[in-house]
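The structure under discussion appears below in the form of structure tokens.
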Amino acid sequence: MTTSNSTARVAIVTGSSRGIGRGIALALAAKGWRIVINYNSNSAAAEATRADVIAAGGTALVVQADTGDLDSLGALVDATLAEFGRIDMLVNNAGIAPRVRNDILQTTVASYDEVMGVNLRGPFFLTQRVANEMIRLVEAGVIVAPKLVNIGSISAYTSSTSRAEYCISKAGMGMMTKLWADRLAEFGINVYEIRPGIIATDLTAVVKEKYDHLILDQGLTPIRRWGLPEDIGKTVVAIAEGLLPFSTGEVINVDGGFHLKRL
Ligand code: NAP
């Protein structure tokens, strides 16, 4: 743990030991934010992210918590408040693909429950707890204009019949973003959803060759390259720094133009 008396703003980034979450953590740290680095099982990766945050001059607290386990999410919030006394931003980033890509005709209850639990149920109730803490902190004058960011996916509207449970979880996150945006606006809490396209991380490493071909050879995305965790990090920084003050419930596509319908 790192102790700090600084008044710098604090962000919880779930799933920031690797991939997109790590990119978000490093981008925020470079802007002076204090980061709560959350991971599920890869403590070595979380420590490596912490080392990089510190090397960038930042401050980080590493907390293990499983977004599929509501008790551990409560402990994540408790640890954040005990260490820093404030939460200025929550980034619901942690997410999983199904362990096995099964055709929708064979989707198992176990896989459905696991993916929905980690990707949607956990983020919903973590948001609920954090929102209540933010309201309290805003009313106490400790924080101003806190923000919630959900990392959704192009899978919210793109059918992949071999991972239905993933698509449904991300579609649900789309409505979750609208609901919290509607409820929290009166407290000055804006809510945003970022929809990454195809981003180079461990999650997509298993389908690298397939997407290399689709993106680089066939132009699946108008911008013919893989997305990078830094692309998402930059977008979160724009939100974090208050550059979108009159937008809430907004979806920001960070997908190289994947969402465009083309003829
Ligand atoms: P990744 O490389 O697999 O990294 C996943 C991160 O989430 C890791 O830090 C992992 O922690 C953490 N995590 C996994 N399960 C968790 C759990 N139950 N509780 C807490 N943390 C957990 O994935 P990614 O590609 O960065 O994806 C991040 C988010 O972006 C996900 O929500 C994903 O759906 C979304 N997304 C990704 C893409 C893409 O192309 N990569 C596209 C659209 C949306 P450990 O290190 O401990 O395992």
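Computation of the quantities below employed the complete heavy-atom set of this structure, encompassing side-chain atoms and omitting hydrogens, waters and symmetry-equivalent molecules. Note that the numbering runs from 1 along the sequence shown for the chain. Counting starts at 1 for both ligands and their atoms, following the listed order.
Ionic pairing of Arg86 and Asp88 is present here: one or more N-O contacts between side-chain nitrogen and carboxylate oxygen are shorter than 4.0 angstrom. Of the charged side-chain nitrogens involved, at least one lies within less than 4.0 Å of a carboxylate oxygen, so that Glu241 and Arg9 count as a salt-bridged pair. Under the 4.0 Å criterion applied to side-chain N and carboxylate O atoms, Glu165 and Arg163 are not assigned as salt-bridge partners.
Taking the side chain as every heavy atom from C-beta outward, Ile12 and Ile37 never approach each other to under 4.5 Å. Under the 4.5 Å side-chain criterion, counting only non-hydrogen atoms from C-beta, Glu133 is in contact with Leu81. In this structure, Arg183 and Gln128 have side chains that are not in contact, with every pair of non-hydrogen atoms separated by 4.5 Å or more.
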For ligand 1, what N or O to protein N or O distances fall under 3.5 Å?
from     : atom 1 : to     : atom 2 : distance (Å)
ligand 1 : 9 (O)  : Gly15  : O      : 3.2
ligand 1 : 9 (O)  : Ser17  : N      : 3.4
ligand 1 : 9 (O)  : Ser17  : OG     : 2.6
ligand 1 : 9 (O)  : Arg18  : N      : 3.2
ligand 1 : 11 (O) : Ser17  : OG     : 3.2
ligand 1 : 18 (N) : Asp66  : OD1    : 2.8
ligand 1 : 19 (N) : Ala65  : O      : 3.4
ligand 1 : 19 (N) : Thr67  : N      : 2.9
ligand 1 : 25 (O) : Thr201 : OG1    : 2.5
ligand 1 : 26 (O) : Ile20  : N      : 2.8
ligand 1 : 32 (O) : Asn93  : O      : 2.7
ligand 1 : 32 (O) : Lys170 : NZ     : 2.9
ligand 1 : 34 (O) : Tyr166 : OH     : 2.5
ligand 1 : 34 (O) : Lys170 : NZ     : 3.1
ligand 1 : 40 (O) : Gly197 : O      : 3.4
ligand 1 : 40 (O) : Ile199 : N      : 2.8
ligand 1 : 40 (O) : Ile199 : O      : 3.3
ligand 1 : 41 (N) : Ile199 : O      : 3.3
ligand 1 : 41 (N) : Thr201 : OG1    : 3.2
ligand 1 : 46 (O) : Ser17  : OG     : 2.7
ligand 1 : 46 (O) : Arg18  : NE     : 2.8
ligand 1 : 46 (O) : Arg18  : NH2    : 3.4
ligand 1 : 47 (O) : Asn40  : N      : 2.9
ligand 1 : 47 (O) : Ser41  : N      : 2.7
ligand 1 : 47 (O) : Asn42  : N      : 2.8
ligand 1 : 48 (O) : Arg18  : NH2    : 2.8

